[in-house]
Peer 1: 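Okay, here's the structure, questions in a sec.
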Amino acid sequence: MNKKTIIRTFEKIALYMELLGENPFKIGAFRKAANVLELDPRSLSEMDDILSLKGIGKGTGAVITDLFEKGKSDLLEELEEKVPKGLIPLLKVPGLGGKKIAKLREAIGIDSIESLRAACESHEVSKVPGFGKKTEEKLLHELNLLGTRKGKLPVWQIESIVLSIEEELQKISEIKRFSVAGSFRRAEEQSSDVDFIIVTDEPAIVREKLLEALPIEETVAAGDSKLSVALDMAEIVDADFRFVTDEQFATALHHFTGSKDHNVRMRQLAKSKGMKISEYGIEMEDGTIQTFDTEEAFFNFFELPFIPPSLRIDGTELDRIDEIDKLLKLDDIRGDFHMHTTWSDGAYSIREMVEACRSKGYSHMVITDHTQYLKVANGLTPERLRMQIAEIRSINEEYDDIEVFCGTEMDILPDATLDFDDELLKELDFVIASIHSNFNQPQEQIMDRLHAAIKNPYVHMIAHPTGRIIGQRDGYSPDVPQLIEWAKQYDKILELNGNPHRFDLSVDYLKMAQDAGVKVAINTDAHVIAQLDHMRIGVQYAQKAWLKKETVVNTWPLEQFIRDIIRK
DNA sequence: GCCGTTTTCGGCCCGACTGTTTTCAGTCG
């Protein structure tokens, strides 16, 4: 018996009750019980008070006792007997919920996807009270689409979709301002849709212009305050646009940024003070609506600090507000230590990258082109690297407001040797080591390679330590806890690669690294100037791991960077 | 089904949209 078993049992019970059209609050109670266990950081053996947890009562407690004593739940078995298994997939059909499924089952004996399809085709569905011709047509349509819809899209795909939608929004003159919201604003790794808040006095006009300008695959809903569509971009992606007034913007942005659990906690907080939060503001006890200029003012109203969107996860962030002012912010970042130029596979010159970093207000930066092993990236030979060092040193002379360091992103070769010898590495200020080849080696060999790199006295940092690409490949699956241990032992930096393709290390490993006292650098790995902007989303992602400012070496002042890292 | 220092009963986060109704239920986020 473990915690997951109990959680899954609660979720199954909720699912079956939903199919029976049970009281939503009863269903919610089982989901809540599952959630309470999920959020509790302790393992089952560490919990001696499980039956007295808030949210576990008589009914849910009995299920837990059953599981402990008999290894199964009587309630779940009863439900499984009562409800045909074939009904479960029906909950995935858009427009169908528990109530409607229960009605269909009772009226015409629907017990599976197939029987529903048949009933739609023979027009039996539209004869059921509460159902009509339109519903029947829509259901048939959705049944045919079932399984063809893509689930969640990775953040890097969502990012490009967001950018192209924003381009269209900028062209509409009736839009006063707008912001992306939802899971992309929270810097989630994957999103199932994109959300935008739009300030306008002319929602109907904006709606029509959007329908005109965007590649609409399907219009799901089109009202005065909301437009829901499926867009045919690189993939089919759902998009929601909410139209609000200027005064409503801050609360609407908060509401539609979510997460759902975060919002529930905020609303409960308001309710306990006799107030009511909605997307339009806070309704006070006397019925007046309070609005805010910024999200920050909204939080402050509840005596909370601004909670960054990426921290708004499961509601427990509200229990940790004292930690928030120690966390990393974008403003704290003083430099970017991983970027490429035309010397290898970057698109801009050293000077252009320097100018771009200067305009970001950085006090220092490191140029880190690829090395000779990586021929596809035009990696530098020792000779070319020495030429590049000379050029960087000379360009650096020209600037007194930014320090440009000489670095490299050196390949760790498949045989666990390094692409450059120590004599050459010695000449550099900052050495990154990373793996770009033979991902499918056994973990032991991968770890040998990483060990060879991290113990080398001239290596400062391991870049994108797992090599993953979100939603595409898992990387080379190193033993990350071991790597973190080595990083601590040899006093080396681990990277959070801020490129949304990577976000590498991931949140859980970042937490582990910080807990172990390992330093982290957030870098953009920019190959073009625009990618230097990924520092923003990289910082947002880092916040999800509750990284403190001091953990992240990019926040250190130049002098400290030189003293404790370069010259160490 | 769960909860309670205003409550052991009556709430449970809140609102938009659609379709089927003729004032609202169901679904969704």
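Just so we're on the same page: letters track the sequence lines, and every chain starts at 1.
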Peer 1: So, A/Thr551 side chain and A/Leu547 main chain: donor-acceptor pair closer than 3.5 Å or not?
Peer 2: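 Checked: no pair found.
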
Peer 1: In whole Å, measure the gap between the C1' atoms of B/dT21 and B/dG26 for me.
Peer 2: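 After rounding to an integer number of Å, I get 13 Å for this pair.
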
Peer 1: Nearest whole angstrom, please: distance from the C1' of B/dC14 to the CD1 of A/Ile289.
Peer 2: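 In whole Å, B/dC14 C1' lies 12 Å from A/Ile289 CD1.
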
Peer 1: Nearest to the side chain of A/Asp195 - B/dA16, B/dG29, B/dG1?
Peer 2: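 Taking heavy atoms from C-beta onward, the closest nucleotide is B/dG29.
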
Peer 1: Whole-Å distance between B/dT21 P and A/Phe131 CZ?
Peer 2: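 It works out to 11 Å between those atoms.
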
Peer 1: Please classify the nucleic acid contact of A/Gly98 as base, sugar-phosphate, or nothing, using heavy-atom distances under 4.0 Å.
Peer 2: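 Result for A/Gly98 = sugar-phosphate.
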
Peer 1: When you look at CD of A/Glu106, are more than 12 heavy atoms from neighbouring residues, nucleotides or ligands closer to it than 6.0 Å?
Peer 2: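 Result for CD/A/Glu106: open.
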
Peer 1: Check whether A/Arg186 reaches the backbone of A/Ile313 with its side chain - one donor and one acceptor, N or O, closer than 3.5 Å.
Peer 2: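 No: the side chain of A/Arg186 does not pair with the backbone of A/Ile313.
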
Peer 1: Which comes earlier along DNA chain B counting from the 5' end, the contact point of A/Asp240 or that of A/Gly132, where each point is its nearest nucleotide?
Peer 2: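 Closer to the 5' end of DNA chain B: A/Gly132.
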
Peer 1: Rounded to the Å, how far apart are A/His255 NE2 and B/dA16 P?
Peer 2: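 For the pair A/His255 NE2 and B/dA16 P, the rounded distance is 9 Å.
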
Peer 1: What integer number of Å spans the C1' atoms of B/dT20 and B/dT27?
Peer 2: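 Looking at atom C1' only, B/dT20 and B/dT27 are 14 Å apart.
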
Peer 1: Please determine if a side-chain N or O atom of A/Tyr280 lies less than 4.0 Å away from the OP1 or OP2 oxygen of B/dA16.
Peer 2: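 Affirmative; the distance criterion is met.
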
Peer 1: Check this for me: does any side-chain nitrogen of one of A/Glu18 and A/Arg31 sit under 4.0 Å from a carboxylate oxygen of the other?
Peer 2: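 Answer for the salt bridge query: yes.
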
Peer 1: Need one value for A/Asn263: base, sugar-phosphate or nothing, where a base atom within 4.0 Å counts as base even if backbone is also close, heavy atoms only.
Peer 2: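 Touches nothing.
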
Peer 1: At under 4.0 Å between heavy atoms, what does A/Lys134 touch on the DNA or RNA strands: base, sugar-phosphate, or nothing?
Peer 2: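 Counting heavy atoms under 4.0 Å across all strands, the contact made by A/Lys134 is with sugar-phosphate only.
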
Peer 1: For A/Phe241 and B/dC17, what is the distance between atoms CZ and C1' respectively, to the nearest whole Å?
Peer 2: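 So the two atoms are 17 Å apart, to the nearest Å.
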
Peer 1: Taking atom P in both B/dT8 and B/dG4, what distance in whole Å separates the two?
Peer 2: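 The answer is 13 Å between these two P atoms.
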
Peer 1: Of the nucleotides B/dG1, B/dC2, B/dG15, which has the atom closest to the A/Thr60 side chain?
Peer 2: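 My answer, after comparing the listed nucleotides, is B/dC2.
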
Peer 1: Going by purine N1 to pyrimidine N3 plus the second Watson-Crick contact, or the G-U wobble pair, all under 3.5 Å, which nucleotide sits opposite B/dC2?
Peer 2: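 With both distances under 3.5 Å, B/dC2 matches B/dG11.
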
Peer 1: With the side chain of A/Phe25 defined as its heavy atoms from C-beta on, choose the nearest nucleotide among B/dC12, B/dA16, B/dT18.
Peer 2: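 Minimum distance to the A/Phe25 side chain belongs to B/dC12.
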
Peer 1: Base, sugar-phosphate or nothing for A/Ile56? Non-hydrogen atoms, less than 4.0 Å.
Peer 2: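 If one applies the 4.0 Å heavy-atom cut-off, A/Ile56 turns out to touch the sugar-phosphate alone, with no base involved.
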
Peer 1: Of A/Gly55 and A/Asp193, whose closest DNA chain B nucleotide lies nearer the 5' terminus?
Peer 2: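 This one resolves to A/Gly55.
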
Peer 1: How is A/Lys32 classified with respect to the nucleic acid when contacts are heavy atoms under 4.0 Å: base, sugar-phosphate, or nothing?
Peer 2: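 No contact.
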
Peer 1: Among B/dC14, B/dC28, B/dG26, which nucleotide sits nearest the side chain of A/Ser278?
Peer 2: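 Given the options B/dC14, B/dC28, B/dG26, the side chain of A/Ser278 is closest to B/dC14.
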
Peer 1: Nearest to the side chain of A/Lys226, heavy atoms from C-beta on, is which of B/dG4, B/dA16, B/dG29?
Peer 2: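 The answer is B/dA16, which lies nearest to the side chain.
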
Peer 1: Work out how far the C1' atom of B/dT23 is from that of B/dC17, and round it to whole angstrom.
Peer 2: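 Result for the C1' pair: 16 Å, nearest Å.
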
Peer 1: What is the distance from CD of A/Gln248 to P of B/dC14, rounded to the nearest Å?
Peer 2: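 After rounding, the reported distance stands at 17 Å.
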
Peer 1: In whole Å, I'd like the distance from the NZ atom of A/Lys99 to the C1' atom of B/dT20.
Peer 2: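 Distance check: A/Lys99 NZ to B/dT20 C1' gives 16 Å.
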
Peer 1: Can you see which heavy atom on A/Ala252 is nearest to which on A/Val244, and at what distance?
Peer 2: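 Scanning both residues completely, I find the closest heavy atoms to be CB-CG1, 3.7 Å.
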
Peer 1: Specify the separation, in whole Å, of atom CD of A/Glu279 and atom P of B/dA16.
Peer 2: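 After rounding, the reported distance stands at 6 Å.
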
Peer 1: Does B/dC12 have its OP1 or OP2 closer than 4.0 Å to a side-chain nitrogen or oxygen of A/Lys271?
Peer 2: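 So the side chain of A/Lys271 is within the cut-off, an N or O lying under 4.0 Å from OP1 or OP2 of B/dC12.
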
Peer 1: Please report the distance, rounded to the nearest Å, between CD1 in A/Ile197 and C1' in B/dG29.
Peer 2: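 Whole-Å distance recorded here is 12 Å.
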
Peer 1: For a quick test of reading the model: is some side-chain N or O of A/Ser225 closer than 4.0 Å to OP1 or OP2 of B/dC17?
Peer 2: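 Yes, within the criterion.
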
Peer 1: Just to be sure I understand the rule, does A/Lys276 reach a base, reach only the sugar-phosphate, or reach nothing, if contact means heavy atoms closer than 4.0 Å?
Peer 2: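 Sugar-phosphate: the residue A/Lys276, judged by heavy atoms under 4.0 Å, touches backbone atoms but no base.
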
Peer 1: Kindly label the base of B/dT20 as syn or anti, based on whether its glycosidic torsion lies within 90° of 0.
Peer 2: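 Here the answer is anti: the torsion falls beyond 90° from 0.
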
Peer 1: Please determine, for the side chain of A/Lys100, which listed nucleotide (B/dA16, B/dG19, B/dG26) has the closest atom?
Peer 2: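 Given the options B/dA16, B/dG19, B/dG26, the side chain of A/Lys100 is closest to B/dG26.
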
Peer 1: If the cut-off is 4.0 Å, is A/Lys103 near the phosphate of B/dA25, judged by side-chain N/O to OP1 or OP2?
Peer 2: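 A/Lys103 to B/dA25 OP1/OP2: no side-chain N or O under 4.0 Å.
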
Peer 1: I'd like the P distance from B/dG11 over to B/dT7, given in whole Å.
Peer 2: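 Going atom to atom, P in each nucleotide, I get 15 Å.
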
Peer 1: So which heavy atom on A/Ala187 is nearest to which on A/Gln540, and how close?
Peer 2: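 A/Ala187 and A/Gln540 have their closest heavy atoms at CB-CB, 3.8 Å.
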
Peer 1: Check the orientation of A/Phe196 and A/Phe241. Use parallel for under 30°, tilted for 30 to 60°, and perpendicular for over 60°.
Peer 2: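 Parallel: the ring planes of A/Phe196 and A/Phe241 meet at under 30°.
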
Peer 1: Out of B/dT20, B/dG15, B/dC14, which has the shortest distance to the side chain of A/Thr135?
Peer 2: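 It is B/dT20.
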
Peer 1: Base, sugar-phosphate, or nothing for A/Phe256, non-hydrogen atoms under 4.0 angstrom?
Peer 2: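 Here A/Phe256 touches no strand at all.
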
Peer 1: Is A/Ala270 touching bases, backbone alone, or none of the nucleic acid, heavy atoms closer than 4.0 Å?
Peer 2: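 A/Ala270: no heavy atom of the nucleic acid under 4.0 Å.
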
Peer 1: Taking the minimum atom-to-atom distance to the side chain of A/Pro94, which one of B/dA16, B/dC2, B/dC28 wins?
Peer 2: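 Minimum distance to the A/Pro94 side chain belongs to B/dC28.
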
Peer 1: Counting only heavy atoms not in A/Asp293, do more than 12 fall under 6.0 Å of its CG?
Peer 2: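 No, CG of A/Asp293 has 12 or fewer neighbouring heavy atoms, counting only those of other groups under 6.0 Å.
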
Peer 1: Just call it for A/Leu53: base, sugar-phosphate, or nothing, with non-hydrogen atoms closer than 4.0 Å on any strand.
Peer 2: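 Sugar-phosphate only.
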
Peer 1: Using a cut-off of 4.0 Å on non-hydrogen atoms, how would the nucleic acid contact of A/Val93 be classed: base, sugar-phosphate, or nothing?
Peer 2: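 Counting heavy atoms under 4.0 Å across all strands, the contact made by A/Val93 is with sugar-phosphate only.
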
